[in-house]
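A, B, ... follow the sequence lines: proteins, then strands. Residue 1 opens every chain. Here the structure is a predicted model, which means the values were calculated and not measured.
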There are 2 protein chains.
Amino acid sequence: MLEERKKKVLQAIVEEYINTAEPVSSNAITNNYGLNFSSATIRNEMAELEKSGFLDKPHTSSGRVPSEKGYRYYVDELLKDDNISLEEIKYISSKLETKVNEIEELTQITANTISEITHYTAVSIGPKPATQIIEEIKFILLGNRMLMAVIMTDTGMIRETIIKFDEDINQKQVDTINYMFNNKLRGQSIEIINRPFEEYLFDEMKYSVKVIKPIVEQIKKVLIEDEKIYLEGANKAFELPEFNSLEVAKNFVNVLDTKEIVADMLNSGIAKDINVYIGKENEKEELKDFSIVTFKHKVGNKDLGTIGIIGPKRMNYSKVISVMKYINKKLKDM
Amino acid sequence: MLEERKKKVLQAIVEEYINTAEPVSSNAITNNYGLNFSSATIRNEMAELEKSGFLDKPHTSSGRVPSEKGYRYYVDELLKDDNISLEEIKYISSKLETKVNEIEELTQITANTISEITHYTAVSIGPKPATQIIEEIKFILLGNRMLMAVIMTDTGMIRETIIKFDEDINQKQVDTINYMFNNKLRGQSIEIINRPFEEYLFDEMKYSVKVIKPIVEQIKKVLIEDEKIYLEGANKAFELPEFNSLEVAKNFVNVLDTKEIVADMLNSGIAKDINVYIGKENEKEELKDFSIVTFKHKVGNKDLGTIGIIGPKRMNYSKVISVMKYINKKLKDM
DNA sequence: TTTTAGCACTCTTGTTTTTCGATTGCTAAT
DNA sequence: ATTAGCAATCGAAAAACAAGAGTGCTAAAA
């Protein structure tokens with residue numbers, strides 16, 4: 001679609017801009033990026049790239065800046081995804097070999113690793129409840145009026161929650177509850193918990209609404225409503241020049257502080273393992289000044305959690321995507 | 001120590017500055033705050049207050065700003081701690097009446113409430129491990145190679161963690177572990193876990209290092225190393241004019257991102273229920289531009305968690321302290 | 001003795017003007 | 001098709017200026 005030289009010019013401008021955060025002049029990329037032409041020639045190419053929407057110009061007499069279309073073309077067609085050094089590979093390996101006890105811990109460590117290598121802020125979230133199957137559920141009596149429920153799913157996720165009662169319960173009752181719930185829930189999708197709780201009542205009606213209802217409600221809360229979101233390296237963003245704008249900085253803090261935005265950001269884009277959203281491509285208005293790269297940690301069809309990198313549109317896509325691809329391979333091997 | 005009128009002037013300047021964030025001129029406080037004097041008189045007082053270190057002047061021809069000494073005097077001597085409205089009281093009550101299952105949840109809700117009412121950022125941390133007594137510890141077998149340990153303490157804190165093994169364990173073994181650990185740990189301070197793990201070995205040596213060691217290590221990790229910190233309303237700070245300075249904003253995000261700073265900030269100052277640290281009074285260099293007010297949630301001598309408010313030195317101490325005092329009373333009644 | 005009116009002086013803030021330099025687009029030569 | 005050359009454009013930084021807010025001091029008033 002673009003001639004070879006135009007591609008080179010676009011790539012040069014994107015990469016130069018990613019490095020410098022300054023509008024790129026025709027002079028800056030001549031005799032570089034394999035562009036052995038005079039600045040005048042480059043200028044002509046730049047003018048045409050601007051006309052077709054790949055570049056923007058902050059003002060008449062300034063250099064060029066990639067437009068969102070420009071970034072998109074770069075990401076889709078020009079970017080190299082082997083931008084990862086031996087040291088980085090070693091570092092990743094050492095981090096991922098940490099012994100973890102739970103799947104969500106691994107997702108967190110991965111997010112932390114990506115953040116450290118790319119110097120962008122990372123957020124992570126556990127697997128989506130809807131896709132998970134309940135493998136076992138255990139009730140443990142704590143004291144006389146407290147029950148802990150531990151739910152294990154097929155993805156290796158373990159969630160626990162505490163339920164308090166107004167009256168004493170004994171071990172025999174707990175055994176029955178254990179049996180009842182496992183009978184109803186084992187092998188079912190987590191979503192089943194959304195059904196009216198009456199369904200959990202036994203015919204015998206031994207265990208009344210008083211006992212069953214709070215259990216179901218609490219399990220629902222912890223499994224479906226309470227999406228745990230982890231944040232890594234929020235302060236890293238403040239080193240970037242785009243954060244000299246109060247407006248942008250404020251917006252950023254706001255986004256990270258709003259759970260719903262982050263959750264949405266991570267949950268959109270189911271298609272691929274790695275998804276890139278550039279500026280206004282993001283559904284959420286609040287993210288229009290940022291780029292997001294999400295990475296779905298999957299094994300087969302099983303969703304094990306999602307990690308997102310949030311940074312300026314002038315993000316080092318090549319580095320981020322390279323690291324994610326490498327980690328993806330690494331995790332699949334584990 | 002200060003004459004009555006000087007106190008009034010100081011108070012007026014502190015409160016005016018808290019409201020406006022602008023240096024306070026002699027004119028601004030005449031015929032106000034009970035100061036029915038001409039601006040010239042006030043000017044003389046201000047000059048003397050400055051000489052004795054209670055006020056600062058950004059430059060020769062500007063109004064006055066409280067110094068840290070000024071704020072300190074205000075907090076210690078002048079501040080009113082009944083700065084709380086009926087609506088606020090109602091709101092607090094409704095929030096604190098939420099049914100919680102765990103002590104740390106209550107601390108979080110309290111932090112959230114304080115943050116919402118004062119519009120400052122709140123951080124919270126659970127009770128200090130050192131002060132807690134282990135009441136019970138339960139081990140639950142999950143699958144064949146995983147153990148969940150649930151530890152309950154006298155403060156109502158419940159912590160759970162998962163331990164993975166390389167080989168199968170059976171229920172009988174779990175029962176023994178249960179018995180062993182409760183035997184050793186029940187009624188002891190959490191700190192006991194810091195002792196060399198060999199002490200947990202039975203004479204019979206039935207359960208080898210292989211089993212005991214990972215359990216002790218994991219419990220140690222979750223109880224002592226892993227201080228859970230919660231953050232409420234980080235974005236609120238960005239509404240304040242002092243955060244227009246990139247420097248300050250950056251510092252702030254950095255502080256909140258560094259667990260150790262926050263933990264230290266919350267753990268210092270054991271003396272009173274409510275502690276105020278103004279600017280450089282904070283031990284940590286990073287906090288020198290901020291004021292911290294911490295609130296220790298205690299029942300008797302038992303530490304149940306700490307909540308901290310972080311904001312500009314120009315903090316509304318009166319509001320913050322009033323709210324905390326009210327909440328303190330309210331919590332004690334529960 | 002205390003308070004206040006009056007005024008010169010200081011310093012910040014905001015605005016306008018000027019300067020400087022980077023970069024472009026176009027034209028004409030290569 | 002490429003490039004050298006150059007006028008034109010615009011922003012960013014510096015300089016110059018004006019306005020205003022506030023002080024400190026002095027001398028008069030209470």
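If you take CG of B:N44 and P of D:dT26, they are 12 Å apart, rounded to a whole angstrom. If you measure from atom CD1 of B:I42 to atom C1' of C:dA5, you get 15 Å, rounded to the nearest angstrom. Between B:E22 atom CD and D:dT23 atom P there is a gap of 13 Å when expressed in whole angstrom units. Distance B:L49 CG to D:dG24 C1': 16 Å, rounded to the nearest Å. Between B:F37 atom CZ and C:dT1 atom C1' there is a gap of 14 Å when expressed in whole angstrom units. Taking atom CZ on A:R43 and atom C1' on C:dT23, their separation rounds to 7 Å, with Å as the unit. Regarding A:E45, its CD atom lies at a distance of 16 Å from the C1' atom of C:dT24, rounded to whole Å. One can place CG of A:N36 at 16 Å from C1' of D:dA1, the figure rounded to the nearest angstrom.
Candidate nucleotides C:dT4, C:dG25, D:dT23 were compared by shortest atom distance to the side chain of B:M46, and D:dT23 ranks first. Distance from the side chain of A:S38 is smallest for D:dT3 among the nucleotides C:dT24, C:dT4, D:dT3. Closest to the B:S25 side chain, of the nucleotides D:dT9, C:dT4, D:dG22, is D:dG22. Each of D:dT23, C:dT10, C:dT3 was ranked by its minimum atom distance to the side chain of B:K57; first place goes to D:dT23.
At a cut-off of 3.5 angstrom, the base of C:dT10 holds no donor-acceptor pair with the side chain of B:T60. Taking only distance into account, the side chain of A:S61 never meets the base of C:dT23 through a donor-acceptor pair shorter than 3.5 Å.
If you check every strand for non-hydrogen atoms under 4.0 Å, A:T41 touches a base. If you check every strand for non-hydrogen atoms under 4.0 Å, B:S26 touches sugar and phosphate atoms only. Heavy atoms of A:N27 sit nowhere under 4.0 angstrom from any nucleic acid atom.
Where B:G63 and B:A40 meet DNA chain D, the nucleotide closest to each residue was compared, and B:G63 sits on the side nearer the 5' end. Taking the nucleotide of DNA chain C with the nearest heavy atom to each of B:S62 and B:R5, the more 5' of the two is matched to B:R5.
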Might you work through the side chain to side chain donor-acceptor pair (under 3.5 Å) test for A:T41 and A:S38, ending with a clear yes or no? CA-CA 5 Å; A:T41 308; A:S38 76; 3.3 Å; yes
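Every pair tested for ring-ring contact (aromatic ring centres under 6.0 Å, His included) that includes a residue from residues 27-51 of chain A fails, sequence neighbours excluded, so the list is empty.
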Distance-only donor-acceptor hits, side chain of residues 50-59 of chain B, under 3.5 Å, sequence neighbours excluded:
| unit_1 | atom_1 | unit_2 | atom_2 | d |
| --- | --- | --- | --- | --- |
| B:E50 | OE1 | B:R64 | NE | 2.9 |
| B:E50 | OE1 | B:R64 | NH2 | 2.8 |
| B:S52 | OG | B:E48 | O | 2.8 |

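A donor-acceptor contact under 3.5 angstrom links the side chains of B:E15 and B:Y74, judged on distance only.
For A:R314 and A:E242, the salt-bridge test passes: some basic side-chain N is under 4.0 Å from an acidic carboxylate O.
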